[in-house]
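Remarks on the structure that follows.
Atoms within each ligand, like the ligands themselves, are counted from 1 in listed order. Keep in mind that this is a model prediction, so the values were computed, not measured.
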Amino acid sequence: MMELQRWLGPWLASLALVGCSEASPAGKSDSAGSDGATATSASGADGIAASDTAASGSGGSAVTTAGGSGTAAGATGGATASGSDGSTGATGQAASTAGMASTGATTNGDSTSTTSGGGGPSYATLREAAAAANRLIGAAVDAAALADAGAQYSETLAREFDYVTPENATKWGPLAPTSSSYDWQAADAIVDFAEGQQQAVKGHTFVWHEQTPSWVSTSMSASELNAALKSHIETTLARYRGRMRAWDVVNEAVDVDTASGYRESVFHQVLGPDYIADAFRWARAADPDVLLFYNEIGAERLGAKSDFMYAMIKELLDAGVPIDGIGLQSHVSTHRYPAEADLRANIRRFAELGLRVNISEVDARTKNVPGSQEARWLMERIAFQQVVGSCVVEPGCEAITFWGVTDNYSWINEEGEEDPLLFDRSYMRKPAYDGALDGFLGLLPVRGANLVSNSDFASGATGWAATAGELTVAAAEGGTGNAACVSGRSDAGDGLLQGDLLEALQSGGPLAFSAMLRVDAPSSVEAALLIVEGGEEREFNIASRAIAQDQWLELSGYLGLGFEQAPSAIGLKLYGPASGVELCATAVQLQPLTVD
Ligand code: G3I
């Protein structure tokens, strides 16, 4: 009970007890992890580098045409809603509206004065900013809201976005309520609206385990289900031939908690994994010009799910399956979301397969972080700046779609009222909007000074302790500088602790975490903040991933820290591998994130 308090007391004493030997820095090789964590020296000569991406990214790349199937080979970066142009993306600029960012205030939906207080370009709308960055800016459209929510909804949609995705209207269930009839009304209304506003359209989605028609079930034979699915894809593509830029052909087929790694949907149960390749081939045959996407949830960061998706997509491409792009949905929560380096590395590896990468369904849960609306909205602003900025600075990413227009109409509200989008319930721009604008300028959140002391163990074990087992500090094996290793661990929860972070972290806020870790057996590694608040201890897991044996790999994540009550103790713990596995760490960083 009360691990941190138990530790905080005798913590200083433990330093004297637990054996720690100092060693001089040894030679180093870059720890380029297989999963894309690149190491460049961030912590000076003697540390194993954590990620160190430039704060402001370089812009998009040469443009490819909208529509038309630029499969694999040619499909890179940038896109426009209406055909090709030669513009290149924005370059890093001074950050925007510093004043605004910190107040969390909203501005009127159509005020023209926007960001880039640093004298950079200013844009009246996201649509303008995205075009300048050679990216598409999209929104999921709620058919009922478009029909009934009045002018503000449609005006905001038309003014700010050049790429729309029907939120539900083009899913199989809503389109085909019976096996012999279609209801095109809602879908037509959205496509007609988009054409009227020179917006491109991405259909969503032919094959998904949810919102399938009630007449589709596992009682169907493989040939019956194949025939029904093939007919649906052909019928729908024929209806919208030449009117859609792209389609999400298959959505959310991966579930790494199953034995196969595939989601146990009606499609996988009846057809096995081949339904994925078949759906893409049928779509290509039905419409050779429309772009075909695979879309996935929770695969934004490097890890088991995105690794499985990567291997699956690569295998399909190697088999000649026509896939033009992938969508990383990015339904984030501001309390814990992918770090910039992580998301960018993931975007890059898919782009290197010749695919267009879309950030396809962005929204943010903000209420997982205790605190004022102003504080929550600032964290949302930083999260959107990070996600949009990462797409803008990675040439392989061509579009960012928000999963809705205004906080009024969001699926997340079904779980309790939330503020997950760019506009508030009065269609006022939220700080989140400025975050997206900065992102389109290629301005990524800035990581401040490291709040972790002795982060590279240059001062031995000063400031650190092992929660169990033995802590030794020595030259980092296969690296440079020092590393701390905990051996003799008897539980996955045992690890390395820096227990006195109260002063550094008690004001909370958006933070960037990263650490280079090494284990002597394949393991899952975790990082958590141990927080004592109102006498209660809570463990706030901030990052976790599986890492291979005997290589330095980065564990990272961005987080939003808030408190219900004033904390009385805060510590950072690294742990996770099974009992007996040695856990080593260096270049441990916790840095405040700021707009500029
Ligand atoms: O249309 C019916 C309406 O006739 C009925 O009166 C009403 C009451 O139950 O339900 C309406 O259907 C709802 C539909 O949204 C349209 O509003 C469904 O119940 C509701 O489940 C459905 O939710 C959608 C959800 O997908 C379905 O799982 C959300 O709006 C939509 O935002 C969400 O989107 C998904 C993406 O497609 C894929 N990625 C995840 C994302 C969030 O779950």
**Asked** Does the pair R344/E394 count as a salt bridge with the N-to-O cut at 4.0 Å?
**Response**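 Salt bridge between R344 and E394, a charged N being under 4.0 Å from a carboxylate O: yes.
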
**Request:** Determine, for K430 against D419, whether the closest basic-nitrogen to carboxylate-oxygen distance falls under 4.0 angstrom.
**Result:**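 A salt bridge is absent here (no side-chain N lies under 4.0 Å from a carboxylate O).
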
**Prompt:** Looking only at heavy atoms, is any part of N251 under 4.0 Å from ligand 1, and if so is it the side chain, the backbone, or both, or is it neither?
**Reply:**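 Near ligand 1, N251 shows its side chain, while the N, CA, C and O stay back.
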
**Message:** I'd like to check whether H204 has a polar contact with ligand 1, where a contact means an N/O of the residue lying under 3.5 Å from an N/O of the ligand.
**Reply:** yes

**Request:** Give the ring-plane orientation class for Y310 versus F350, where under 30° counts as parallel, over 60° as perpendicular and anything between as tilted.
**Result:** perpendicular

**Prompt:** Relative to each other, are the rings of W208 and H204 parallel, tilted or perpendicular (30° and 60° limits)?
**Reply:**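 Judged by the thresholds at 30° and 60°, the geometry between W208 and H204 is tilted.
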
**Asked** If you count the non-hydrogen atoms of other residues, nucleotides and ligands that lie under 6.0 Å from CD in E210, is the total more than 12?
**Response**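 Yes, because the 6.0 Å sphere around CD of E210 holds more than 12 heavy atoms from other groups.
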
**Request:** Report, in ascending order of atom number, the atoms of ligand 1 lying under 4.0 Å from any heavy atom of E210.
**Result:**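 With E210 as reference, the close atoms of ligand 1 come out as 27 (C), 28 (O).
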
**Request:** Could you tell me which atoms of ligand 1, counted from 1 in the order shown, lie closer than 4.0 angstrom to a heavy atom of W411?
**Result:** 29 (C), 32 (O), 42 (C), 43 (O)

Closest approach of any protein heavy atom to [atom], naming residue and atom:
| atom | value |
| --- | --- |
| atom 17 (O) of ligand 1 | N168 ND2, 4.0 Å |
| atom 35 (C) of ligand 1 | W208 CH2, 3.8 Å |
| atom 41 (C) of ligand 1 | E361 OE1, 3.4 Å |
| atom 18 (C) of ligand 1 | Q211 NE2, 4.8 Å |

Strictly inside 4.0 angstrom of [atom], do you find any protein heavy atom?
| atom | result |
| --- | --- |
| atom 2 (C) of ligand 1 | no |
| atom 28 (O) of ligand 1 | yes |
| atom 37 (O) of ligand 1 | yes |
| atom 11 (C) of ligand 1 | no |
| atom 33 (C) of ligand 1 | yes |
| atom 7 (C) of ligand 1 | no |
| atom 21 (O) of ligand 1 | no |

**Request:** Check whether any side-chain heavy atom of P213 sits under 4.5 Å from a side-chain heavy atom of H232, and report yes or no.
**Result:**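 No, side chains not in contact.
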
**Prompt:** Do I137 and E160 have side-chain heavy atoms sitting under 4.5 Å apart?
**Reply:** no

**Worked check of side-chain hydrogen bond (donor to acceptor under 3.5 Å, both in side chains) between Y275 and N226** = CA-CA 8 Å; Y275 76 88; N226 264 332; over 6 Å; no

**Request:** In sequence, state the C-alpha distance, the side-chain angles, and the governing distance for R241 and D287, and then conclude on salt bridge (charged side-chain N to carboxylate O under 4.0 Å, His left out).
**Result:** CA-CA 7 Å; R241 185 79 188 261; D287 183 342; 3.2 Å; yes

**Prompt:** If you measure from atom 26 (O) of ligand 1 to every heavy atom of E167, K171, Q329, which option wins on shortest distance?
**Reply:**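 It is K171 that holds the nearest heavy atom.
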
**Message:** side-chain hydrogen bond (donor to acceptor under 3.5 Å, both in side chains), that's the test. Do N358 and E398 meet it? Break it down for me.
**Reply:** CA-CA 6 Å; N358 283 194; E398 64 162 18; 3.0 Å; yes

